[in-house]
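Along the sequence shown, the residues carry numbers beginning at 1. These values consider heavy atoms only, across backbone and side chains, with no hydrogens, waters or symmetry-generated copies. Order of listing sets the numbers, starting from 1, for every ligand and every atom in it.
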Amino acid sequence: MKVFRPQQLIRPDLQAHIYSNALLENVCNLKSLCKPKTKFCAVVKANAYGHGIAEVVNILKNNVDFFAVASIYEAILVAEITKNVPILIFEPLNASQPPDQVVICAKNNFHCAISSLEAADYISKILAPTSRILNLHVNVETGMGRCGIEPKLAADLITKIKNNENTKLAGVFTHFSTADEHNLEYTNRQLKIFTDFLEKNDLTNRDDIIIHSANSAATIKLPDSHFDMVRCGISMYGYYSRPMKNPPVTLTPVMKLQAPVVQLKQIPANSPVSYGKTYITKRQTTAALIPLGYADGYWRCFSNSAKMKIADRFAPVIGRVSMDQLLIDVTDIPKIEVGQMATIIDNDLNSPCGAYALADLADTICYEILTCLHAHVNRIVH
Ligand SMILES: *Cc1c(COP(=O)(O)O)cnc(C)c1O
């Protein structure tokens, strides 16, 4: 199965600086919240939350116990980089996947999430003529309401997996829907359903099965949810799932996105700027053109609202963000030159152009701001 495009365009001028030290320190700090035996699963789906999956896997491959991805396609990519770290695929294995994908998963020792009895039958049918064994993690529905299997059926699924020669029960897990919220009542209820399930099915304290439930928020706030492994995404990249006062762990953003000023333009007072004339200059204005727009993942709703950092000052975006260009107002900032770099996403949680601030402007969460960053942005590892 061919899933890569080697000729993919890269834009050297759009620079996402990836600081390995910050990434490794975040992982280390998160691990320090867990028991020494707890495995650390680094979630690298969605191009490692926009940070560059190959880059992030390379930095982490000797420091984590597992990688987790959304799809088999990402798993294949990770497996090209490291053969030593097991890879967990979150998408439940299912009959829409061609048989060769099931074989690829088994051959590569991928760990696959599963949440239906039909999928288990499908897998055994495909693998029966082979001597291959597929590692499966049963996703138990405890209140997330997405793709888990109801506890009653989960017990049957586990039996099916155990009774089949070609499948191995490698893990049992669940996922929280509100662990990022201040009130953990619902998360605790989910946790209770999960622990009851584990106890009822004799799944606790087993060396051969990995029990896991914690995402970043639960890893940070709910030690009882750690079990045998934590699955951290956003926190590894330096963000709390939502801005947090007095967090129990220090995190530092791993990425800083920059692009150069490519033109300086004097615009007279009372002149329209960019598409739709949504901004009219109030004074003689010095505008700097940045070669970035919504096609690169810089949202159009940042028009007339976001700021960029340049020469240690903050310059507002004026007029509409277009597909691949925008203007910032640098009238009040002395000595701006063509070629000078503007910081678009700052590696500082409190920055007016940090991912939290941008998420607020876009009425979304920092996850979406980060993952929207286009793959053609040049990831530069430090
Ligand atoms: C994405 C994902 C995670 C990671 O969530 P974060 O909030 O980024 O830590 C963990 N588990 C599952 C099942 C996921 O889909």
Mind running salt bridge (charged side-chain N to carboxylate O under 4.0 Å, His left out) on Asp348 and Lys256 for me, showing each step along the way? CA-CA 9 Å; Asp348 171 352; Lys256 176 157 82 180; over 6 Å; no
Start with the C-alpha gap between Ser351 and Phe314, add the side-chain angles, then the distance that decides, and say whether side-chain contact (heavy atoms from CB on, under 4.5 Å) holds. CA-CA 10 Å; Ser351 170; Phe314 290 93; 3.7 Å; yes
For Leu88 and Phe67, what are the C-alpha separation, side-chain angles and deciding distance, and is it a side-chain contact (heavy atoms from CB on, under 4.5 Å)? CA-CA 6 Å; Leu88 171 63; Phe67 284 113; over 6 Å; no
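When only non-hydrogen protein atoms are considered, atom 14 (C) of ligand 1 lies nearest to Lys45 NZ, 2.9 Å. Of all protein heavy atoms, the one lying nearest to atom 9 (O) of ligand 1 is Ser216 OG, 2.5 Å. At the top of the distance list for atom 12 (C) of ligand 1, counting protein heavy atoms only, stands His175 CE1, 3.3 Å.
Ring pair Tyr239/Tyr356 is perpendicular by interplanar angle, where above 60° counts as perpendicular and below 30° as parallel. Aromatic ring pairs are classed by plane angle as parallel below 30°, tilted from 30° to 60° and perpendicular above 60°; the pair His382 and His17 is tilted.
A salt bridge does not link Asp196 to Lys200: none of the charged side-chain nitrogens sits closer than 4.0 Å to a carboxylate oxygen. Using a 4.0 Å cut-off between charged nitrogen and carboxylate oxygen, Arg283 and Asp332 count as a salt-bridge pair.
Only side-chain heavy atoms of Arg146 come within less than 4.0 Å of ligand 1; its backbone N, CA, C and O stay farther off. Contacts between Phe173 and ligand 1, counted as non-hydrogen atom pairs separated by less than 4.0 Å, are absent for every part of the residue.
Taking a cut-off of under 4.0 Å to the non-hydrogen atoms of Gly233, the atoms of ligand 1 that pass are 4 (C), 6 (P), 8 (O), 9 (O). Atoms of ligand 1 found under 4.0 Å from any heavy atom of Tyr49 (numbered from 1 in listed order, with element): 1 (C), 4 (C), 5 (O), 6 (P), 8 (O).
The shortest N or O to N or O distance between Ile234 and ligand 1 is under 3.5 Å. For ligand 1, the polar-atom distance check finds no N/O of Asn215 at less than 3.5 Å from any of the ligand's N/O atoms.
Distances from atom 11 (N) of ligand 1 to the heavy atoms of His212, Arg231, Met144 show the closest one on Arg231.
Using a 4.0 angstrom heavy-atom cutoff, Tyr367 counts as in contact with ligand 1.
At least one donor-acceptor pair closer than 3.5 Å links the side chain of Thr159 to the backbone N or O of Ala155.
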